[in-house]
Each structure stands twice: as structure tokens, then as C-alpha cells.
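Reviewing the structure listed below.
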Protein chains: 2
Amino acid sequence: MTQATRRERDRAATDREIRQQARALLVSDGPAAVTLRAIARELGITAPALYRYYSSREDLIEHLRADVCADLGADLGSGLADLDESDHVGQVLAVCRGFRRWALAHPQEFTLVFASPSPPGVYCPVSAQEQVRDSFGRIFLTVAGRVLANGLPITRPDHEVPDVLVADLTRFRDDLLLTITESGVDIGADQLGVGTAYVMLQFWVRLYGQVALEVFGQFPFPVTDSQPLFESMLADLVRDVGLD
Amino acid sequence: MTQATRRERDRAATDREIRQQARALLVSDGPAAVTLRAIARELGITAPALYRYYSSREDLIEHLRADVCADLGADLGSGLADLDESDHVGQVLAVCRGFRRWALAHPQEFTLVFASPSPPGVYCPVSAQEQVRDSFGRIFLTVAGRVLANGLPITRPDHEVPDVLVADLTRFRDDLLLTITESGVDIGADQLGVGTAYVMLQFWVRLYGQVALEVFGQFPFPVTDSQPLFESMLADLVRDVGLD
DNA sequence: GTGCTCTTGTGAACGCCGTTAACTACCCCG
DNA sequence: CGGGGTAGTTAACGGCGTTCACAAGAGCAC
């Protein structure tokens, strides 16, 4: 069955434990507490041993980011499972609400993944960076695919999209198409034009803005209960995009 | 003239140097490099001496945040000075563009001020936290005040605002009114209703979202040139808000 | 089974860091 | 001129990431 030798299994197990402990420290005490020595201490080993698994602390943190994203994706996916498959708008709402709930419940992880200055490295199509987000981005895209496949008019006339953006947005559109068809949803190019990609981008901007403001407490006034504020914004968002 | 004794002047001067050096380190090497020992080293003194000025590193960072905000406010204000006073839309655009430019030019400062998990402390009306943002928030509000005083219809029917938000938004509205009249602009309560406050909030959400996404490189696709993307979003924003 | 190699871990060490405590030089006021 | 408060020092503690030399042990060839 498992072709892995015992060495390999041991190694994988230790690796899991390391990331698990790192994650626990991140959640309980914030990113600054994710310390090689602390992790090692919890695992009953010494700090230098960790260098057999990661080349540096930064390297470990990078993998942690990926783990966090995967978990977020799984979280969103499971929230989706309970829903009626044909309720596309409901799925969109569920994903948005799930994203917010997760961000508020895991502010440290959110900060790590979504609010850390982008590494100087270039954004190349198949980079680790993109793989990272894909595990949760895929959920967004899958849901978007279902909605689009049903002909819901999430769109905007292509000619309204500024010329300078067309090239980038076309690439985004193609990427979307690929991801969506890969996830088993059939969709035609006529349902996913540049205008649609543009609207989806704006959707993301507003959702991200709202959630980040909430996590960072940067609203311009004291908010007694941010839940209805989010719901209100979400309703506007869904309406502005033509989903209702 | 200056009633300050020599001791006091010396102290203030050293304090300025400390913050200046801290700032330089922040800009050149990021927040992690803002180290008491590094600052002291640059200043030719020893680290413990800094404790005569700040009770801890975190305390210093806190003051640094305020400095950064003040500078941002000054930056935005100076950008406004060159403009025709009657060109209200132009002023709005200038502030938004200025905010973006500043954020991209100072990603570390942006992260420090706008994307650090909100301290557990409660958001109280006259806290240091609010004072911090005020130095730059005031610019936004002043410009908003000018626009509103001219009767431009940045608004939305009050009855469209969800009931649960009215209380918070009313407080925000009152705060806005106060700030705006303090800045010398005369404005009536009829021009600044709850609906207007709501729209301004949404404006901030979208602007912040766009800028943060840009700074953190979290767009869902590779962006070859983010400037036109921002301009496009800004145009939509201004249009959606009724300014044109 | 015996011996070799490669992997995984240890311990000591280096140079950073924040922070505290005891101590010193010096300015200012009476 | 002398005492008190202020701004600085040095020394030290514990924690950090990281490197290096070294030991224990698994896995494999024979």
C-alpha cells in the first residue's frame, strides 16, 4: 500500500507535528510567538533539529501560510456542503460569510496570509505564492463557476472595461475558465467575458476591504456590532453585481 | 519666547532623533528592523538609554505610528494645496490618489498603521488610537465637508440604511459634522444624513480594499500595471457615489 | 550478520534582541 | 557650592535564529 519506507513515514509525521505546533502557537499567541525554539520545546526536541525540515524560520512560516490557506479552503468547502446545490446565490453568500467568520476567528492567520507585504519576488503563474491562495481561491472560483453556468448575469458590458485592463483581465478570464471547467462545471466563453472578470475583481475588492477593515478595526467610527454592517455590505454587493 | 529650559530642549531634540532614526529603519528595512539597539547604535548611545524616553519598544512603535499618520496627513494636505479650491471632485480624487501613492511608497508604514490587528483595547472616542488616525482622517473629512457643503449629492435615501446601523452611523454623522465645522466649513445637518455617512463608509471600504490589495499583492491574477486598475476603480467609485 | 552510509538529532557557540538594575556624570536650583 | 534629579553608562538575564561539529541509529550491500 504505502510505498513509503519507515524513515519517510517518520519524517512526514514529524513534519506534520512541527506544522501543527507552529499553527497552535500562531493561533494562541500570534505570529511573533511562532518561534523555532518554542516549537521544538513543545515537541521535545531541540531547535536546530528543525533545520532538517525547513531551511529557516521564514521557510517554515511560508509553509504555514499554505496550511492556513488549505484549512480555510476546507472550511469554506464544508460550509458549502450543507447547502442546496441549486441555490447559487446562497452559495455565494455562504462563501463570503465563511470568509469573514474565518478571518475574525483567525485574525493572526488572516494577517499572515492576506495582509503581509507581498514578497519582492515576481508573481509568476505557477509560483508557490499562487498555489498558496489557490487552495482557498478555488472555492471562490468553483462557486462563481456554478453561478455563471446557470446564466446568472454577473456581468458588465465588455466595452465598459478600460482598454488598458483588457490584457490582464483576459488572462484572468482564461485562468477562471480553466479552473472552473477543471472543477467539473461546464461553462462557455460567452458567459465569462472580460466584463465578468472585471465584476468579479470588484467583488473581491469590496469583500476583502470590508473583512480587512473589520479585522484591523479600521472603521472610521466605533462599530457596536459589525455583523449587520457586514450583512448590509454583502447585500449591496450582491445587488450591485446583479445577483438577486 | 521658548519657556523651555535647556534640559527640556535637549530632551525634545533627542526624542526627535530617536523617532527619526526609528522611521529611517522602518522605511529601509521594515518593522522588524526597528530595534532599540539599532536605533541607539545609529544615535551613538546605548539601548537602555532609550528607556528614558519610551517605556518599551512597543511604546516607541506606538508613537511611530502617530508620526507616520501625521506625515501622511501632511502629505495629502500638501497635495491638496495646489488644487483649485472649488474643484471638489478633483480634491476627492487627489486625496484618494495621494493615499494610494503613499501606501505603495511606504508599504511598511501602511502595514503598521492600517493592517495590524486591532489592539484588544476598546475603541473609545478620544483614545490615542483615534487621535492617531485623525491626523490623516481629518484630511478626508475636510475634503468631504467641502464637497458636501457645495450640495453635491453624495447621499442615499436614509430609509435605505438598515435599522441596526442607524445608531452607529448617527454617531459617525455627528462626529463628521463636528470635524467638518471645526475645519471651517459650514454645513447643515440636512446635507449630512445617515445615508451620506453610509455612503462615505462604503467609499472608504472600497478605497481601502483596493489599496490594501495592491500593497499586499493579493489580486487574484498577475497585474502588469496596477495604476490603471486603480484609476478604473476610482472612476467607478466616484460614479457610484454620485460625484460627477 | 557485518560494516558503511546517510539521516536525524544533540550540544555548544555566536551574535542578535528587549529589558532590568546598579551605578556614574552632570546640569540646575537653592 | 552642594544636593537632587536627569540622562547616560555598564553588566547581566533570558530568549531568539542560525551554524557547526559530533553522536546515535536506521537502511542497505555484501
Side-chain angles (χ1 to χ4, degrees), chain A residues 1-65 108 112 116-117 119, chain B residues 1-65 108 111-112 116 119:
Chain A
M1 184 72 79
T2 75
Q3 279 296 31
T5 112
R6 167 174 168 180
R7 271 248 258 262
E8 286 169 329
R9 273 184 290 113
D10 279 4
R11 184 181 175 81
T14 317
D15 186 31
R16 258 194 311 278
E17 277 186 72
I18 292 173
R19 281 145 82 153
Q20 193 175 310
Q21 267 304 329
R23 189 70 177 281
L25 287 166
L26 173 64
V27 170
S28 64
D29 302 322
V34 182
T35 268
L36 295 186
R37 291 186 132 104
I39 296 168
R41 214 178 296 128
E42 299 292 325
L43 261 58
I45 60 179
T46 60
L50 296 177
Y51 283 80
R52 299 288 173 193
Y53 298 84
Y54 301 93
S55 66
S56 70
R57 181 189 125 110
E58 195 45 48
D59 185 28
L60 195 164
I61 299 273
E62 200 66 35
H63 283 82
L64 201 55
R65 266 192 261 264
Q108 312 288 3
L112 191 64
S116 299
Chain B
M1 183 71 82
T2 77
Q3 277 297 30
T5 110
R6 168 176 164 176
R7 274 248 256 260
E8 286 169 328
R9 274 184 291 111
D10 277 6
R11 184 180 174 81
T14 315
D15 186 31
R16 258 195 309 279
E17 278 186 70
I18 292 173
R19 282 144 82 153
Q20 192 176 310
Q21 266 305 328
R23 190 70 179 282
L25 287 166
L26 173 64
V27 170
S28 63
D29 301 323
V34 182
T35 270
L36 295 187
R37 291 188 130 104
I39 296 168
R41 215 178 297 128
E42 298 292 324
L43 262 59
I45 60 179
T46 59
L50 296 178
Y51 283 81
R52 300 284 172 195
Y53 299 86
Y54 301 95
S55 66
S56 70
R57 182 189 123 106
E58 196 46 48
D59 185 28
L60 195 163
I61 300 273
E62 202 66 35
H63 283 81
L64 200 56
R65 265 191 259 267
Q108 311 289 2
T111 305
L112 191 64
S116 299

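Order of the sequence lines sets the chain letters (A, B, ...), proteins ahead of strands, with each chain counted from 1.
Between the side chain of B:Ser116 and the backbone N or O of B:Thr111 there is at least one donor-acceptor pair closer than 3.5 Å. A donor-acceptor pair under 3.5 Å is formed between the side chain of A:Arg65 and the backbone N or O of A:Leu112.
Neither OP1 nor OP2 of D:dG8 sits under 4.0 Å from any side-chain N or O of B:Thr46. The side chain of A:Arg41 places no N or O atom within less than 4.0 Å of a non-bridging phosphate oxygen (OP1 or OP2) of D:dG14.
Backbone-only contact: A:Thr35 has heavy atoms under 4.0 Å from sugar-phosphate atoms and none from a base. Residue B:Tyr54 is out of contact with every strand shown, counting any heavy-atom pair closer than 4.0 Å.
The distance from atom CD of A:Glu8 to atom P of D:dG27 is 10 Å, rounded to the nearest whole Å. The OH-P distance, from A:Tyr51 to C:dC14, rounds to 17 Å in whole Å. Atom CG in B:Leu50 sits about 13 Å away from atom P in C:dT20, given to the nearest Å. A straight line from CG of A:Asp29 to P of D:dC16 spans 12 Å, rounded to a whole angstrom. The distance from atom CZ of A:Arg11 to atom C1' of C:dG9 is 12 Å, rounded to the nearest whole Å. Taking atom CG on B:Asp15 and atom P on D:dG8, their separation rounds to 11 Å, with Å as the unit. Straight-line distance from the CD1 atom of A:Ile45 to the C1' atom of D:dT18: 15 Å, rounded to whole Å. When the C1' atom of C:dC6 is taken as reference, atom CG of A:Asp10 falls 15 Å away, rounded to whole Å.
Taken to the nearest 0.5 Å, the CD1 atom of B:Ile61 stands 11.0 Å off from the OH atom of B:Tyr54.
Of the listed nucleotides (D:dG17, D:dT9, D:dA12), D:dG17 has the atom at the smallest distance from the side chain of A:Arg37. Set against D:dC16, D:dA21, D:dT10, the side chain of B:Pro48 has D:dT10 as its closest nucleotide. When the nucleotides D:dG8, C:dT19, C:dT10 are ranked by their closest atom to the side chain of B:Leu36, C:dT19 comes out on top. Ranking D:dT9, C:dT19, C:dT8 by closeness to the A:Tyr53 side chain, first place goes to C:dT8. In the set D:dG8, D:dT18, C:dC17, the nucleotide with an atom closest to the side chain of B:Ala38 is C:dC17. With distances taken from any side-chain atom of B:Ala49 to the nucleotides D:dT9, D:dT18, C:dT10, the minimum falls on D:dT9.
A donor-acceptor contact under 3.5 Å is not formed by the side chain of B:Arg57 with the base of C:dG18.
In this structure, B:Glu8 does not pair ionically with B:Arg11, as no charged nitrogen and carboxylate oxygen lie closer than 4.0 Å.
Judged by closest nucleotide on DNA chain D, A:Ala33 is the one of A:Arg52 and A:Ala33 placed further toward the 5' end.
A:Gln21 pairs in a side chain to side chain contact (heavy atoms under 4.5 Å, CB included) with only one of the listed residues (A:Glu42, A:Arg41, A:Arg16), which is A:Glu42.
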